[in-house]
Amino acid sequence: MAGERRGVIPQSEDFSAWYNEIVFRAELVDRGPVRGTMVVRPYGYRIWELLQADIDRRIKETGHVNAYFPLLIPESYLRREAEHVAGFAPELAVVTHAGGRELDEPLVVRPTSETVIGEMMARWIGSHRDLPMLLNQWANVVRWEMRPRMLLRTTEFLWQEGHTAHVDEAGALRETMLALGLYADVAREVAAMPVVEGEKTEGERFPGARQTFTVEAMMRDGRALQSGTSHYLGTNFARAFGIRYTAESGALEYCHTTSWGMSSRMLGGVIMTHGDDRGLVLPPALAPYQVVIVPIGHGDQAAAVQTAAADLTVRLRRAGIRAHLDDRPHVSPGFKFNDWELRGVPIRLELGPRDLADGAALMATRLGACKTAVPLPSAPERLTDELAAFQALLLRRATDFRDSRTRPADTWAEFTDAVRTGWTLAFHCGSPECEDEIKAETAATPRCIPSDGPPEGGRCVRCDGDSAYGRRLIFGRSY
RNA sequence: CGGGAUGUGGCGCAGCUUGGUUAGCGCGCCUGCUUUGGGAGCAGGAGGCCGCGGGUUCGAAUCCCGCCAUCCCGACCA
């Protein structure tokens with residue numbers, strides 16, 4: 001009976017059903033009352049906070065400052081940049097009534113903030129001495145989605161958007177690449193997601209951008225997830241909003257601007273990169289509880305176990321470990337084991353009378369098959385090491401997985417075969433029509449032109465035209 | 001927007017074909033006792049505008065019409 005099924009639907013059976021079940025059962029999110037909206041529950045929000053804190057620190061360390069811009073934007077602002085409005089028009093939510101009457105000018109709920117921020121930058125920037133202007137905001141944005149997927153594509157989501165203005169193209173491009181590198185570092189070091197840095201092709205570019213860069217990650221079903229993007233906007237928005245400065249020479253010049261963002265979608269990436277058939281697997285850096293201690297009490301021994309477990313919890317916390325004592329009464333140890341595994345806790349410590357007699361706790365890692373005794377006196381040091389090893393293991397495991405599902409394709413047959421299970425590296429002619437044909441036939445799209453791809457010549461895998469990028473592109477199906 | 005499906009306690013479902021007394025079951029929840037080393041047992045208990053509106057009928061969860069919502073598959077998509 002379905003209601004009695006205790007495990008989750010296996011990934012191999014139905015990856016998308018597995019994903020859905022995980023996000024709800026692990027209590028990361030719930031559905032909001034409006035289609036496509038999402039409630040981030042405390043456990044999920046804690047993960048977001050940990051990710052957010054890390055990103056925020058890195059953003060500040062590189063000289064950016066946080067600010068906040070309004071949710072509502074005059075519709076006319078969007079129109080000022082032709083490509084921008086064309087790109088976003090289908091997913092805009094528009095406010096037409098307020099204060100009990102129809103508004104003279106409709107307001108859009110921000111899908112992103114280039115326009116308002118551009119307007120304000122134009123007001124704040126006068127001279128080259130005001131540059132570069134390095135801003136960031138943490139905000140929610142709304143993009144109407146026809147096919148929502150929790151955390152990956154919801155109508156409203158949380159993100160960080162950096163917006164900067166520079167004197168010239170070189171400065172703005174340097175910034176664009178700095179943000180991209182920051183995202184790659186966050187993905188690898190915090191989320192344990194190996195990402196490929198690269199540039200988007202014309203067809204996949206941000207509306208209004210000169211160049212769009214991305215970090216792409218592979219999920220366990222072989223599909224790609226764009227996990228962060230960074231755009232060089234040229235002077236497009238500067239011209240649309242009058243972001244100008246007086247140069248040293250006295251000439252009035254347009255700024256070169258950038259924007260870049262990483263969102264709550266990243267949590268979906270973490271789930272699909274590391275999760276397995278027992279549930280979530282969280283990298284220690286993002287785990288609300290890195291170590292959960294399950295006391296196992298037998299009648300009159302319960303008190304001694306409780307004391308020891310509480311003491312252990314405190315000692316782990318003093319060592320900087322996010323430790324949690326699961327002292328729920330009337331919930332069996334077996335239930336707790338499964339519960340915390342579903343929720344992705346990296347390490348579990350079992351503490352019962354037998355362990356107490358040995359002066360140790362029994363350690364089970366989320367990915368390990370067996371349990372190991374850990375002497376209580378050295379537990380804090382030992383667990384600090386174990387957590388670091390676990391974090392490293394996740395990255396290595398995900399990297400191996402990605403590499404095993406990525407192969408070059410020089411023929412159309414190799415191409416179609418490769419994108420069924422993962423990514424392929426192939427030459428392309430650069431024509432958008434050719435990209436569309438590939439997409440129509442295989443559902444695969446160019447994910448990026450890898451920054452570190454070796455220069456190489458060849459023929460387009462689809463139409464045999466000249467390779468347009470001087471190297472192979474990554475193709476794959478994506479979220 | 002097209003195709004398919006589903007709406008019944010918090011969750012998962014049965015009942016509907018062939019209308020009929022008090023709408024069932026599992027999980028969860030509450031109380032008590034016994035338990036606790038991989039999803040505990042027993043006993044008792046609470047909880048329902050059967051998606052919404054109309055119609056047929058002595059009588060509708062069940063039949064008819066309309067609407068709404070959600071999910072899946074497409075198309076679309078930072």
Side-chain angles (χ1 to χ4, degrees), chain A residues 1-9 14 16-17 20-21 24-25 27 30-37 83-84 86-92 111-112 114 141 143-150 152-155 157 159 161 183 200-201 203-209 212-216 224-231 259-263 265-266 278-279 294-302 305-306 326-342 348-358 361-362 364 369-371 373 436 439-440 443 445 447-448 478-479:
Chain A
M1 237 184 278
E4 285 183 358
R5 200 191 64 241
R6 286 179 160 156
V8 295
I9 295 168
D14 186 342
S16 138
N20 265 316
E21 193 170 345
F24 294 127
R25 280 185 53 175
E27 298 184 354
D30 205 343
R31 277 187 236 285
V34 174
R35 177 185 159 77
T37 61
E83 286 182 26
H84 194 63
F88 279 111
E91 34 189 337
L92 290 181
T112 177
E114 275 75 6
V141 286
R143 298 176 186 182
W144 216 255
E145 286 294 345
M146 296 165 86
R147 280 189 69 179
R149 253 158 111 29
M150 288 295 122
L152 297 172
R153 214 170 32 218
T154 46
T155 282
F157 59 91
W159 76 347
E161 49 180 322
Y183 292 150
K200 285 292 191 187
T201 61
E204 301 268 320
R205 200 174 288 157
F206 174 78
T212 287
F213 297 85
T214 176
V215 289
E216 297 283 326
L225 184 75
Q226 177 174 311
S227 306
T229 51
S230 185
H231 317 290
S259 67
W260 27 277
M262 187 174 258
S263 74
R265 161 184 269 199
M266 193 70 181
R278 285 196 287 174
V294 178
I296 299 162
H298 280 289
D300 50 341
Q301 291 162 309
V305 168
Q306 274 303 327
D326 185 357
D327 55 2
R328 285 177 289 179
H330 309 306
V331 176
S332 73
F335 182 90
K336 291 175 181 176
F337 298 167
N338 287 286
D339 194 32
W340 293 115
E341 279 165 9
L342 171 68
R348 179 182 72 241
L349 291 177
E350 302 172 18
L351 195 61
R354 290 210 295 266
D355 312 294
L356 222 48
D358 298 343
L362 212 49
C370 52
K371 303 177 185 181
D436 289 346
K439 185 179 180 184
T445 51
R447 300 322 305 151
C448 70
S478 71
Y479 278 97

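Note on naming: letters A, B, ... go to the chains in the order of the sequence lines (proteins, then strands), and numbering restarts at 1 for each one. Every heavy atom of this structure was used, including side-chain atoms; hydrogens, water molecules and symmetry mates were not.
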| field | Residue A:N20, side-chain atoms from C-beta onward, closest of B:rC72, B:rG37, B:rC77 | value | B:rC72

| request: Tell me which of A:L351 and A:Y479 sits closer to the 5' end of RNA chain B, going by the nucleotide each one is nearest to. | output: A:L351

| Trace of the side chain to side chain contact (heavy atoms under 4.5 Å, CB included) decision for A:K200 with A:E216 | CA-CA 10 Å; A:K200 285 292 191 187; A:E216 297 283 326; 2.8 Å; yes

| request: Look at the side chain of A:D355 against the base of B:rG37 and say whether a donor-acceptor pair falls under 3.5 Å; ignore hydrogens and angles. | output: yes

| remark: A:R354 has its side chain closest, among B:rG37, B:rA40, B:rA75, to B:rG37

| task | In whole angstrom, give me the gap between the P atoms of B:rG39 and B:rG20. | result | 43 Å

| task | Provide the distance between the two C1' atoms, one in B:rC13 and one in B:rG9, to the nearest whole Å. | result | 12 Å

| remark: A:D339 CG to B:rC27 C1', in whole Å, measures 15 Å

| Given atom CD of A:E21 and atom C1' of B:rG12, what is their separation to the nearest angstrom? | 11 Å

| task | Would you indicate what A:S263 reaches in the nucleic acid, counting non-hydrogen atoms under 4.0 angstrom: base, sugar-phosphate, or nothing? | result | nothing

| note | Ranking B:rG39, B:rG74, B:rC77 by distance to the side chain of A:R147, first place goes to B:rG74

| task | Measure the spacing between CG of A:L152 and OG of A:S478 and express it to the nearest 0.5 Å. | result | 11.0 Å

| query | How is A:E350 classified with respect to the nucleic acid when contacts are heavy atoms under 4.0 Å: base, sugar-phosphate, or nothing? | reply | base

| remark: The side chain to side chain donor-acceptor pair (under 3.5 Å) partners of A:R348 (sequence neighbours excluded) come to A:E341, A:E350

| field | B:rU57 and B:rA14, which share atom name C1', separated by this distance in whole Å | value | 26 Å

| Whole-Å distance between B:rC11 C1' and A:I9 CD1? | 14 Å

| request: For nucleotides B:rC30 and B:rA46, find the distance between their P atoms and express it as a whole number of Å. | output: 15 Å

| task | Could you tell me whether the side chain of A:E204 reaches within less than 4.5 Å of the side chain of A:R447, counting heavy atoms only? | result | yes

| field | Closest nucleotide among B:rC77, B:rC73, B:rG38 to the A:K371 side chain | value | B:rG38

| field | Sugar-phosphate only, base, or nothing, as touched by A:P90 at under 4.0 Å among non-hydrogen atoms | value | nothing

| request: List in chain and number order the residues that pass ring-ring contact (aromatic ring centres under 6.0 Å, His included) with A:W260, two or more places apart in sequence or in another chain; answer none if no residue qualifies. | output: A:H64

| field | Gap in Å between the two P atoms, one belonging to B:rU8 and one to B:rU22, rounded | value | 23 Å

| query | How is A:P207 classified with respect to the nucleic acid when contacts are heavy atoms under 4.0 Å: base, sugar-phosphate, or nothing? | reply | base

| message | Contact between A:L356 and A:L351 at the side-chain level, heavy atoms closer than 4.5 Å - yes or no? | response | yes

| query | So what does A:W340 hit on the nucleic acid, given a heavy-atom distance under 4.0 Å: a base, only sugar-phosphate, or nothing? | reply | nothing

| query | Can you tell me how far C1' of B:rG41 sits from CZ of A:F335, to the nearest Å? | reply | 16 Å

| query | If you measure from CG on A:L362 to CG on A:L349, what distance do you get to the nearest 0.5 Å? | reply | 8.5 Å

| query | Any side-chain heavy-atom pair from A:T212 and A:Q226 closer than 4.5 angstrom? | reply | no

| query | Any side-chain heavy atom of A:V141 within less than 4.5 Å of one from A:E161? | reply | yes

| query | A:M146 has an atom CE; how far is it from atom C1' of B:rG2, in whole Å? | reply | 10 Å

| task | Ignoring the backbone of A:E341, work out which of B:rG39, B:rG38, B:rC77 is nearest its side chain. | result | B:rG38

| said: When the C1' atoms of B:rA61 and B:rU18 are compared, how many Å lie between them, rounded to an integer? | reply: 15 Å

| query | Of all the nucleotides listed (B:rG38, B:rA40, B:rG37), which has the minimum atom distance to the side chain of A:L362? | reply | B:rG37

| request: For B:rU62 and B:rA23, measure between their P atoms and round to the nearest Å. | output: 15 Å

| query | Quick one: does A:F24's side chain get under 4.5 Å of A:R31's, heavy atoms only? | reply | yes

| message | Counting C-beta onward and ignoring hydrogens, is there a side-chain heavy-atom pair between A:T112 and A:H84 closer than 4.5 Å? | response | yes

| query | For RNA chain B, what dot-bracket results from Watson-Crick or G-U pairs at under 3.5 Å, with [ ] for crossers and | for inter-strand partners? | reply | (((((((..((((......[...)))).((((((.....)))))).....(((((..]....))))))))))))....

| field | Distance in Å, A:W159 CH2 paired with A:R265 CZ, rounded so as to fall on 0.5 Å steps | value | 11.0 Å

| field | A:N338 side chain, from C-beta outward: closest of B:rG38, B:rG74, B:rC77 | value | B:rG38

| query | OG/A:S259 to CD/A:E114 distance, rounded to the nearest 0.5 angstrom? | reply | 3.5 Å

| For A:R31 and B:rC71, is the shortest distance between a side-chain N/O and OP1 or OP2 below 4.0 Å? | yes

| request: Determine the contact category for A:R149: base if any of its heavy atoms lies under 4.0 Å from a base atom, sugar-phosphate if only primed atoms, P, OP1 or OP2 are that close, otherwise nothing. | output: nothing

| remark: Taken to the nearest whole Å, CD/A:E204 to P/B:rC76 is 12 Å

| Whole-Å distance separating the CG atom of A:L356 from the P atom of B:rG37 | 17 Å

Tabulate protein N/O versus nucleotide N/O from nucleotides 32-36 of chain B, keeping only pairs under 3.5 Å, one per line.
{"from": "B:rU35", "atom 1": "O4", "to": "A:H330", "atom 2": "ND1", "distance (Å)": "3.4"}

| Between B:rA75 (C1') and A:R153 (CZ): distance, integer Å | 12 Å

| How far does the P atom of B:rC11 sit from the matching atom of B:rU70, given to the nearest Å? | 16 Å

| said: For A:E145, give me all partners under side chain to side chain donor-acceptor pair (under 3.5 Å), at least two apart in sequence or on another chain. | reply: none

For nucleotides 6-9 of chain B, print each protein N/O atom paired with a nucleotide N/O atom at under 3.5 Å, atom names and distance only.
none

| query | Mapping A:M150 and A:T229 onto RNA chain B by nearest heavy atom, which one lands closer to the 5' end? | reply | A:M150

| field | Pairing of A:K371 and A:D355 as salt bridge, 4.0 angstrom limit | value | no

